[in-house]
Number of protein chains: 2
Amino acid sequence: MTMSNTGGRRKPPTIHDVAREAGVSRGTVSRVLNGGHYVSPAAAEAVNTAIRKTGYVVNRHARSLITGRSDSVGFLLTEPQERFFEDPNFNVLLRGCTQALAAHDIPLLLMLAGTDDERRRITRYITAGHVDGVLLVSSHSGDPVAEELRAAGVPLVACGKPIGLGSKVSYVAADDRDGARDMVRHLLALGRRRIGVVTGPLDTPGGVERLAGYREVLSEAGMEIDERLIVSGDYSRASGEAGAERLLARAPDVDAVFVASDLMAQGVLTALHRAGRRVPDDVAVGGFDDSPAAVAASPELTTIRQPWDRISAEMVRVLLAQIGGEDPAAVILPTELVKREST
Amino acid sequence: MTMSNTGGRRKPPTIHDVAREAGVSRGTVSRVLNGGHYVSPAAAEAVNTAIRKTGYVVNRHARSLITGRSDSVGFLLTEPQERFFEDPNFNVLLRGCTQALAAHDIPLLLMLAGTDDERRRITRYITAGHVDGVLLVSSHSGDPVAEELRAAGVPLVACGKPIGLGSKVSYVAADDRDGARDMVRHLLALGRRRIGVVTGPLDTPGGVERLAGYREVLSEAGMEIDERLIVSGDYSRASGEAGAERLLARAPDVDAVFVASDLMAQGVLTALHRAGRRVPDDVAVGGFDDSPAAVAASPELTTIRQPWDRISAEMVRVLLAQIGGEDPAAVILPTELVKREST
DNA sequence: CATGCTTCTGTGAGCGTTCACAGTAGAGAA
DNA sequence: TTCTCTACTGTGAACGCTCACAGAAGCATG
């Protein structure tokens, strides 16, 4: 009966088959496929029914060969991969980008640049024009891949403000500084006056900005900044724990801690618990990221949510615009304070 | 100075440029590119230096146009996406597949079939031959996308035993039954005799197999199976909690619980704690998956680790073999018992 | 009636590669 | 020498599409 369903794949219909079926020329079919300008309604109709009837799908390879576009974009992760792949926000980002691109019928190629070998291969792949643009996840300062892509003129949109790439590269980021400001203001509003901070790594824009927000709000409140209340971490849980211990040793009267990531905040909670401080009664704790760690913690963490769904949508929007010839752009999106038990 | 670095992308060199540079014909360059058979060492050498000198990278579109292959594969997720995207094992799988493919210079296209619209688009994209094969993640029984792809003769490898797809589709899975057997044997070895089980959904192979392993071991030990000790869940944390409560009500003398997922096991721990049972003193608890939930739990969960890194590698291996013309194959990989505090 | 303009349509060329085929050169055998 | 065989090389055609161009048809304007 249905021989078509058994065994190998059949040769798909070409634009030629559609043209014959519709009684028009290749050119007309092509025009219908690409926007339908300069096509009579009758011809367009005939072509569309022929497309449905034959089950025609454009051969992207043939199209790309002549247009020079690939109609696909790469999602490049040059971050040490373990860290980001375990971050649920990364999942949201990846999923969001894939879906936003799918709406434009653009496939997403996942590229992981872990080893130097992979880095080389991917760079060559991209610069050879096999993708039209790249969505970049990399907080690596002075990332050689990113630099090379930028130099080659590949449309590029980074997630988060990239370091050392000049102003020529687009990026989409959450407003770290403003998020930090919100949190510190929140702690002040609760009546806390000895507010400590466990920063992120200060060689990343995120780390710097979040600390800057902390300083700004305290200054604006007319408070003098006590450098003993500032300790730095590296976003890891362990560094949060160590940071809190240093903080307690240096300033035992601390009554609130703004922690630059939820994971570190978990460590801070552990250290505070061990030191016999009650949260939030003795010390209020604010995190950053609104990761699952925030709700898994006890008490559940008050934190700053980054709009990851909007970030992915904006990254795709900016990238497509740039592929379309527009200039690089920076987009900063607002964060949101999520109040829970820890403050 | 370096005009090449400013502005747009330059036109990349073609096989023609390489041929001219090397003083040979297109055909010879092509032969070097594809295995180098029937090429004199001198010519091969000349071509290779010309490739390096010109920075030539093959134009995959042109190649695909004539070979009919795309030299790319799709990673298709038809699962309700939230669930899998939050599963860290999914990350390991996705990363593993990407890297295994990268070793063969094959890009991975991420495809998420959430809505019906996406489903249609993706099906058409794949059956049109835009990917050579598909890595499928779907526990959805009777998945229409998978069925359509199978019918169209698209090489397909599923992660986990697929339901209702006949025997014609390859899959790679962990040995659920054997994993369950290991865990129950472990509980028996600890001297437990009233071993309950919270199963996974029994319309999935995983759920069925894990329960089967439980039954087998108890039967082999000459014990009679008490159906009151068997309650079913749906892998969610909440269902674990509810399951444990039912178990305690029906068989208060239970001294161990084998739970078919770590997430459910967390729920079980919560319920046991609330009921005043100590773990593992009063009741030993064994999970399944070795997800981060296992170490996040207190006490840390004894669990069954699925070899996700090997699963991804095998999926890619089987898919490439199938693309190469081999018959579909099923691969079952062994699991590993990870002992922690809960038993 | 010619002229121009707009809207529409068909045609040939070409994108960069692989593949089949025809050919060349050199070695060894008759 | 001549033939055959092997190892290698070059060439034209094709893959399926888009693009530029030429031309046709319709309509208003001079």
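Chain naming here is simple, since letters A, B, ... match the order of the sequence lines and numbering starts at 1 in each.
- Ion pair Arg121(B)/Glu118(B) not flagged as a salt bridge, since none of the NZ, NE, NH1 or NH2 atoms sits closer than 4.0 Å to an Asp/Glu carboxylate oxygen.
- Residues Pro162(B) and Val169(B) come closest through the heavy atom pair CG-CG1, 3.9 Å.
- Here the shortest heavy-atom pairing between Thr78(A) and Arg119(A) reads O-NH1, 4.5 Å.
- When only modelled atom types and interatomic distance are considered, Thr127(A) and Glu148(A) share no side-chain donor-acceptor pair under 3.5 Å.
- Put simply, the side chain of Ser312(B) gets close to the backbone of Asp309(B): a donor and an acceptor are under 3.5 Å apart.
- Under the 4.0 Å criterion applied to side-chain N and carboxylate O atoms, Arg124(B) and Asp105(A) are not assigned as salt-bridge partners.
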When you compare the protein's N or O atoms with those of nucleotides 17-27 of chain D, which come within less than 3.5 Å of each other, and at what distance?
| from | atom 1 | to | atom 2 | distance (Å) |
| --- | --- | --- | --- | --- |
| dC17(D) | OP1 | Tyr56(A) | OH | 2.4 |
| dC17(D) | OP1 | Asn59(A) | N | 3.3 |
| dC17(D) | OP2 | Ile15(A) | N | 2.3 |
| dT18(D) | OP1 | Asn34(A) | ND2 | 3.3 |
| dT18(D) | OP1 | Arg63(A) | NE | 2.9 |
| dT18(D) | OP1 | Arg63(A) | NH2 | 3.1 |
| dT18(D) | OP2 | Ser30(A) | OG | 2.9 |
| dT18(D) | O4 | Arg26(A) | NH2 | 2.7 |

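- The rotation axes computed at either terminus of the helix from dC1(C)-dG30(D) to dA30(C)-dT1(D) lie 60° apart, taking five pairs at each end and rounding to 10 degrees.
- Side-chain N or O atoms of Asp132(B) include one that pairs as donor or acceptor with a backbone N or O of Ser70(B) at under 3.5 Å.
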Using atom types as modelled, flag every donor-acceptor pair under 3.5 Å from a side chain in residues 95-102 of chain A to any protein atom, sequence neighbours excluded.
| from | atom 1 | to | atom 2 | distance (Å) |
| --- | --- | --- | --- | --- |
| Arg95(A) | NH1 | Glu82(B) | OE2 | 3.2 |
| Thr98(A) | OG1 | Leu94(A) | O | 2.7 |
| Gln99(A) | NE2 | Gln81(B) | OE1 | 3.0 |

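- Think of the region where chain B sits on DNA chain C: with heavy atoms and a 4.0 Å cut, that region ends 5' and 3' at dG16(C) to dT18(C).
- Between the side chain of Ser170(A) and the backbone N or O of Ala329(A) there is at least one donor-acceptor pair closer than 3.5 Å.
- For the residue pair Arg60(A) and His130(B), the shortest heavy atom distance occurs at N-CE1, 3.1 Å.
- Every residue was checked against the salt bridge (Lys or Arg N to Asp or Glu O under 4.0 Å) condition with Arg26(B), not counting sequence neighbours, and none meets it.
- Side-chain contact check for Asp17(B) and Thr54(B): no donor-acceptor pair (N or O, by modelled atom type) lies under 3.5 Å.
- The stretch residues 40-51 of chain B touches DNA chain D through Ser40(B), Ala43(B), each having a heavy atom under 4.0 angstrom from the strand.
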